Number of protein chains: 2
Amino acid sequence: MPDQAVTLKDVARLAGVHPATASRALNPETRPLVNEETSRRVLTAAAELGYRPNAVARSLRTRRTHTVGVLIPDLNNPLFPPIVRGLEDRLDAAGYVALIGNTDGDSTREQRIIEQMRARNVDGFVLATAHLRNPQLGHTAEAGLPVVFMNRIAEDYSFPSVTVDNERGARMAVSHLVALGHERIGYIAGPQDVSTGLTRYRGFQAAMDAAGQEVRGDLVTFASSFSIGEGYRCAQQILSAGGCTAIAAGNDMLAVGCYEALDDAGLSCPRDISVVGFNNMPFIDMLRPPLTTVAFPHYEVGTQAAQLLIEQLNGDEGPVKALFLAPELITRRSTAQVS
Amino acid sequence: MPDQAVTLKDVARLAGVHPATASRALNPETRPLVNEETSRRVLTAAAELGYRPNAVARSLRTRRTHTVGVLIPDLNNPLFPPIVRGLEDRLDAAGYVALIGNTDGDSTREQRIIEQMRARNVDGFVLATAHLRNPQLGHTAEAGLPVVFMNRIAEDYSFPSVTVDNERGARMAVSHLVALGHERIGYIAGPQDVSTGLTRYRGFQAAMDAAGQEVRGDLVTFASSFSIGEGYRCAQQILSAGGCTAIAAGNDMLAVGCYEALDDAGLSCPRDISVVGFNNMPFIDMLRPPLTTVAFPHYEVGTQAAQLLIEQLNGDEGPVKALFLAPELITRRSTAQVS
DNA sequence: TTGTAGGCGTTATCAC
DNA sequence: GTGATAACGCCTACAA
């Protein structure tokens with residue numbers, strides 16, 4: 001009850017000092033400026049009154065809200081919860097909170113969310129929604145706000161970023177299939193206007209090349225989104241081309257769609273067709289068969305992205321950092337020796 | 001570039017009016033107070049300068065941040081992303097944003113998060129973490145901030161809430177097993193200090209009672225958390241008691257643990273043992289076998305909770321509302337006629 | 001070491 | 001209908 005109303009002035013009065021002195025005593029940064037005995041009186045008074053600084057007033061004055069905007073495609077994609085938690089945990093440790101925005105892959109919506117977040121004076125942005133060519137990004141950066149990319153990057157490395165080494169990951173997946181004796185490998189590529197989709201596709205091509213295998217055009221399809229539905233559609237297309245013994249998918253969602261297409265076609269995985277995904281998203285190991293996929297530390301993507309942003313927020317100078325987390329092939333039951 | 005610096009004063013100057021007038025013209029609420037021609041001039045000036053009101057300054061003055069604190073156990077639990085999205089979407093439509101906090105079921109942590117959110121002057125709280133006896137809640141409510149419970153409730157209906165009719169849902173699940181001819185039904189109860197765990201357990205008892213079946217003590221186990229690990233442990237315990245043909249679980253996570261225990265015991269679901277869950281969480285239909293479970297509209301839990309909070313924020317008077325969403329049994333392949 | 005004063009950008013309450 | 005003024009709570013030169 002003796003709450004909300006307690007302000008710096010109240011603390012100062014109780015401690016018998018001027019509000020300015022109380023302010024200095026309360027702030028660890030400026031505390032050295034004030035007499036030790038005085039500052040102890042202030043702290044005691046503050047504790048007694050249950051004083052809590054008004055973050056809004058402070059922000060108005062300091063022009064920092066200790067708030068960051070985070071844009072992701074969709075929280076319902078199981079890949080993101082662990083990433084977001086990593087982000088929030090690391091931000092929290094530094095005194096920041098995240099505002100989460102879901103773009104649903106809609107750039108108009110994305111633009112609107114960015115506007116709103118800027119209206120709320122976020123101190124910076126973490127974007128998991130980068131397109132290779134990203135018009136609205138210009139405005140954001142132009143406004144001088146720190147930006148970090150995560151999971152996806154734009155076309156160059158002009159912004160700090162945290163991603164997986166997608167090309168290598170895709171090569172690992174495809175090489176695994178090759179090692180199992182597969183010679184006609186299909187590929188479901190993700191959207192080619194985002195880095196994950198494009199880079200993994202390149203990894204597929206590189207691995208096929210290295211194995212001396214021909215990439216058959218009719219066994220490669222392009223999904224318009226990383227969704228189960230698109231995975232289903234693309235898989236059907238590959239199956240109708242005929243003759244393939246394994247399918248690599250641009251991510252786990254596409255692989256799940258692939259499972260459904262195999263089911264509908266009366267085919268068994270891995271007996272008839274091997275399938276490999278990418279992401280190792282939560283619960284993907286509970287599918288039947290458990291999916292072979294390329295893993296990376298989701299939580300760490302979040303913590304590292306937060307870290308990069310915090311460094312910028314702290315004004316740390318230095319070159320733009322691009323972090324590449326190492327992918328790891330997780331072999332489960334969806335891939336087998338070609339029969 | 002001609003950005004951040006543009007303030008109300010600038011707009012006023014360009015429009016040739018006093019800042020106070022510009023403020024009135026810009027705010028739809030107060031616009032009627034100002035001459036139409038004048039207000040047009042102001043709006044034009046604002047548009048020309050790319051004016052965006054400073055939310056922080058406004059908050060300091062109006063004492064409203066249009067921010068709400070949302071506490072959930074863990075975003076990694078697949079149940080929550082859709083709920084959170086519903087919440088955010090509805091809040092967004094009303095001009096609010098959510099601050100998400102994960103408590104990990106730790107009440108110390110919860111307390112800390114609540115403190116932080118209050119320091120940020122959130123306008124209200126939505127809690128998905130209620131315990132039946134909830135000490136810290138007192139403080140929160142005491143401070144006069146609106147609170148809404150979602151998914152779980154506390155011991156009485158003194159706060160607005162949105163939940164599923166858990167008892168009915170559990171009865172539906174158990175009755176389904178009874179209808180399939182099962183006579184020795186095991187139950188993995190969730191934690192009894194939260195409403196979902198307790199109420200569903202009561203539903204189980206009620207259904208058994210209605211069916212004239214005895215509840216065998218050795219076939220009922222209590223999980224200390226809604227986790228896969230606890231589901232595994234409890235299922236093993238039930239299996240070692242022997243003689244049961246079906247297991248109902250307090251939620252889907254527990255049911256997943258149950259699947260693993262059956263696997264390890266070399267038992268087949270549903271041939272040897274039928275399993276039914278609760279929640280119909282995302283991707284649960286991709287398990288093998290697809291899980292029979294009790295569904296409810298996740299997204300709507302979020303939108304309704306947001307709605308209840310917004311009503312309070314708007315000062316709408318009236319009785320405390322407790323919304324119960326209807327559960328629905330989703331019959332899949334994990335339950336079968338007793339053999 | 002502490003007090004003074006001004007202002008961050010808005011909005012509410014007066015007058016006119 | 002509009003302008004002047006003060007205040008929201010805090011921070012920070014600058015002065016003492």
Side-chain angles (χ1 to χ4, degrees), chain A residues 2-43 45-46 49-67 95 118-123, chain B residues 2-43 45-46 49-67 95 118-123:
Chain A
D3 205 60
Q4 210 54 321
V6 42
T7 171
L8 190 57
K9 216 182 296 184
D10 301 322
V11 175
R13 188 175 321 123
L14 180 58
V17 299
H18 191 273
T21 307
S23 170
R24 286 187 278 253
L26 256 6
N27 187 330
E29 304 275 316
T30 51
R31 188 167 311 153
L33 294 177
V34 51
N35 181 298
E36 205 170 319
E37 153 65 11
T38 311
S39 101
R40 196 166 36 243
R41 276 216 320 282
V42 172
L43 294 190
L49 295 177
Y51 170 73
R52 280 208 321 275
N54 183 324
V56 173
R58 173 179 297 170
S59 292
L60 180 58
R61 195 46 238 244
T62 62
R63 334 203 45 103
R64 302 203 106 197
T65 54
H66 288 271
T67 292
R118 292 201 42 208
R120 284 176 180 274
N121 299 286
V122 296
D123 294 336
Chain B
D3 204 61
Q4 211 53 322
V6 42
T7 172
L8 189 58
K9 218 182 293 185
D10 301 322
V11 175
R13 189 175 320 123
L14 180 58
V17 298
H18 191 273
T21 307
S23 171
R24 286 187 279 253
L26 256 5
N27 187 329
E29 304 276 314
T30 50
R31 189 168 309 152
L33 295 178
V34 50
N35 181 299
E36 204 170 323
E37 154 65 10
T38 310
S39 103
R40 197 165 35 244
R41 275 215 321 282
V42 172
L43 294 189
L49 294 176
Y51 170 73
R52 281 207 321 275
N54 182 324
V56 173
R58 174 179 297 171
S59 292
L60 180 59
R61 197 49 241 238
T62 62
R63 337 219 66 202
R64 303 204 102 196
T65 55
H66 289 270
T67 293
R118 294 203 37 210
R120 284 178 182 275
N121 299 287
V122 297
D123 293 338

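Chain letters run A, B, ... following the sequence lines, proteins first and then strands; every chain starts at 1. These values consider heavy atoms only, across backbone and side chains, with no hydrogens, waters or symmetry-generated copies. As the structure is a computational prediction, the values presented were derived from the model and not from experiment.
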(message) I'd like to know if B:Arg24 reaches the base of D:dG3 with its side chain, counting only an N/O donor and acceptor under 3.5 Å.
(response)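 Flag set: donor-acceptor pair detected.
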(request) Could you pick out which residue, A:Ala55 or B:Pro19, lies toward the 5' side of DNA chain D when each is mapped onto its nearest nucleotide? (result)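 Comparing both residues, the 5'-ward one is B:Pro19.
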Expressed in angstrom and rounded to an integer, what is the separation of [X] atom [atom1] from [N] atom [atom2]?
{"X": "B:Leu26", "N": "D:dT2", "atom1": "CG", "atom2": "P", "value": "14 Å"}
{"X": "A:Glu29", "N": "D:dC10", "atom1": "CD", "atom2": "C1'", "value": "16 Å"}
{"X": "A:Asn121", "N": "C:dC8", "atom1": "CG", "atom2": "C1'", "value": "11 Å"}
{"X": "B:Arg31", "N": "C:dT11", "atom1": "CZ", "atom2": "C1'", "value": "15 Å"}
{"X": "A:Leu60", "N": "C:dT10", "atom1": "CG", "atom2": "C1'", "value": "8 Å"}
{"X": "B:Leu8", "N": "C:dA12", "atom1": "CG", "atom2": "P", "value": "12 Å"}
{"X": "B:His18", "N": "C:dT10", "atom1": "NE2", "atom2": "C1'", "value": "12 Å"}
{"X": "B:Arg61", "N": "D:dG9", "atom1": "CZ", "atom2": "C1'", "value": "12 Å"}

Is the distance from OP1 or OP2 of [N] to the nearest side-chain N or O of [X] less than 4.0 Å?
{"X": "B:Thr7", "N": "C:dT10", "result": "yes"}
{"X": "A:Thr21", "N": "C:dG3", "result": "yes"}
{"X": "B:Arg58", "N": "C:dG9", "result": "no"}
{"X": "A:Thr38", "N": "C:dT2", "result": "yes"}
{"X": "B:Thr62", "N": "C:dA12", "result": "no"}
{"X": "A:Ser23", "N": "D:dC11", "result": "yes"}

(message) Measuring from the side chain of A:Asn35 (C-beta onward, heavy atoms only), which nucleotide among D:dG9, D:dT2, C:dT2 has the closest atom?
(response)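 Out of D:dG9, D:dT2, C:dT2, the nucleotide with an atom closest to A:Asn35's side chain is C:dT2.
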(message) From C-beta outward on B:Arg63, which listed nucleotide comes closest to its side chain: D:dT5, D:dC8, C:dG3?
(response)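 Closest nucleotide to the B:Arg63 side chain: D:dC8.
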(request) May I ask you to decide if A:Asn121's main-chain N or O and A:Arg63's side chain share a donor-acceptor pair within less than 3.5 Å? (result)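 It does not hold such a pair.
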(message) Restricting to non-hydrogen atoms, name the atom on A:Leu26 and the atom on A:Ala46 that form the minimum distance, rounded to 0.1 Å.
(response)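 Of all heavy-atom pairs spanning A:Leu26 and A:Ala46, the closest is CD1-CB, 4.1 Å.
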(message) Looking at every heavy atom in both A:Lys9 and A:Pro19, which two are closest together, and how far apart are they?
(response)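 Shortest heavy-atom separation between A:Lys9 and A:Pro19 comes out as CG-CG, 4.1 Å.
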(request) Quick one: pull up OG in B:Ser23 and CZ in B:Arg58 and give me the separation to the nearest 0.5 Å. (result)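 B:Ser23 atom OG to B:Arg58 atom CZ measures 8.0 Å (nearest 0.5 Å).
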(message) In the structure I gave you, are the side-chain heavy atoms of A:Arg31 and A:Val42 within less than 4.5 Å of one another anywhere?
(response)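 A side-chain contact is absent here, since even the closest heavy-atom pair is not under 4.5 Å.
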